[in-house]
Amino acid sequence: MNILVTGGLGYIGSHTCVKLIEAGYTPIIIDNLYNSKKAVLERIAQITGKCPQLYIGDVRDKKLLTTIFSNNEISAVIHFAGLKAVGESVTIPLAYYDTNVYGSLCLAEVMQKHKVYNLIFSSSATVYGEKNPTPYIETFQTGNITSPYGWSKFMTEQCYIDLQHSEPNQWSISLLRYFNPVGAHPSGLIGEDPQGTPNNLMPYISQVAIGKRPFVSVYGDDYATPDGTGVRDYIHVDDLAEGHVATLQMINRAGIHCYNLGSGSGNSVLEVIAAYENACGHPIPYKIMPRRAGDIDAFWADASKAKKELGWQTRQTLADMARDSWNWQIKNPNGYIDGKE
Ligand code: NAD
Ligand code: WQD
């Protein structure tokens, strides 16, 4: 069964392609290499023994999408392609709405023309905004979001909900709200490869652990949490990837299917640093700094719906996430390097 994977060379997309192949599916990738390298394809092939077909191009290119749907019998689409840096989205909001919202519309339009009605969308816990109590439940009202990135996910969800309602017996659309994906494939062949200064906690810690940066800035130690640092629901990227394979059960089950993909519990910044120290075997210097604008004290998922309806739950611990992140980091100190595969 062919599954079109947009953004399939990216961090979560590449891990999902591996899981898809292992589950017997055939991923076909479209990626414009904006935040990834072609070398990822070789790595997927090294892990699985199968090299997915790759179209290098943009999800906003309806002509290219039409070619892909005309030349391949696609059963479902998993839509990862997008921009994801929360801070950057405040500076260049139009780019975020263009890629994330308009790109998602282009994709759905071409799917509709080709009568492909199964879609899985990468949404984010950020849609729950600032006002909801934790743990987050899928039925909570979304909104009150602080970044254009978050609004782009909120808007895309709404566009897809309206589309599903317009042809209720056709579309099966799954909105997957990811919490904080970290870690890497245990082989150390694929992982997260941030360009420039990492925005997220674990990639930053890993660069301190390997000596590229002097210390971790801990953004605030006066939150209403047990140790005062921010608490998040970290999820191993392989567990997250398996969540997509589990969601493929929803193929041809018309409706809007919304799931939190998280572990159901949280860890503090200091706990993540401690787990990483265990994984790398040496202390990780850190300094307490002021709070980061837009952060909230704590949130994690109520992950019971995905468990009940998809039979999916996370299996890997924070220690596993740190171990696999470190393994990826030491095997690829400079990330992916094209042409040297
Ligand atoms: P990523 O940047 O590693 O992967 C995105 C991929 O999409 C990259 O390979 C990039 O080159 C590609 N891409 C970007 N714009 C494109 C375009 N216009 N056309 C075609 N390809 C394009 O990001 P990721 O961490 O793998 O995230 C995947 C998805 O999950 C994104 O939609 C992101 O918003 C969402 N998400 C990520 C996180 C996270 O913390 N990583 C959390 C929640 C949601
Ligand atoms: C985690 C914790 C920080 C970096 C973001 C997006 C969210 C989703 C996942 C896409 C917080 C603290 C961080 C550092 C620190 N992405 N921190 N020092 O902010 O929970 O979520 O990524 O959808 O939408 O908002 O993740 O990893 O940036 O931060 O102390 O150098 O670590 O304050 O408490 P966040 P994060």
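When a ligand or atom number is given, it counts from 1 through the structure's own listing order.
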Min N/O separation Leu201 to ligand 2 under 3.5 Å = yes
Report yes if some N/O of Lys84 lies less than 3.5 Å from some N/O of ligand 2; otherwise report no.
-> no
Just going by heavy-atom distances, which of Ile288, Asp221, Asn180 is nearest to atom 21 (O) of ligand 2?
-> Asn180
Relative to each other, are the rings of Tyr178 and Phe80 parallel, tilted or perpendicular (30° and 60° limits)?
-> tilted
Closest candidate by heavy atom, reference atom 19 (N) of ligand 1, pool Val59, Thr126, Leu33 | Val59
Check: of Val86, Asn200, Asp31, min heavy-atom distance to atom 11 (O) of ligand 1 comes from Asp31
What do we get for Ala125 next to ligand 1 when only non-hydrogen atoms under 4.0 Å count, side chain, backbone, both or neither?
-> neither
For ligand 1, note which part of Arg60 has a heavy atom under 4.0 Å away: side chain, backbone, both or neither.
-> side chain
Under 4.0 Å from ligand 1, counting heavy atoms only, is it the side chain of Thr99, its backbone, both or neither?
-> side chain
Look at atom 14 (C) of ligand 2 and find which of Tyr219, Tyr286, Tyr204 reaches it with the closest heavy atom.
-> Tyr219
Have a look at Gly82, Pro181, Gly150, Cys106 and point out the one with the heavy atom closest to atom 5 (C) of ligand 1.
-> Gly82
Return yes when Thr6 approaches ligand 1 closer than 4.0 angstrom through a heavy atom, no otherwise.
-> no
Heavy-atom proximity to atom 33 (C) of ligand 1 ranks first, among Tyr178, Tyr149, Phe179, for Tyr149
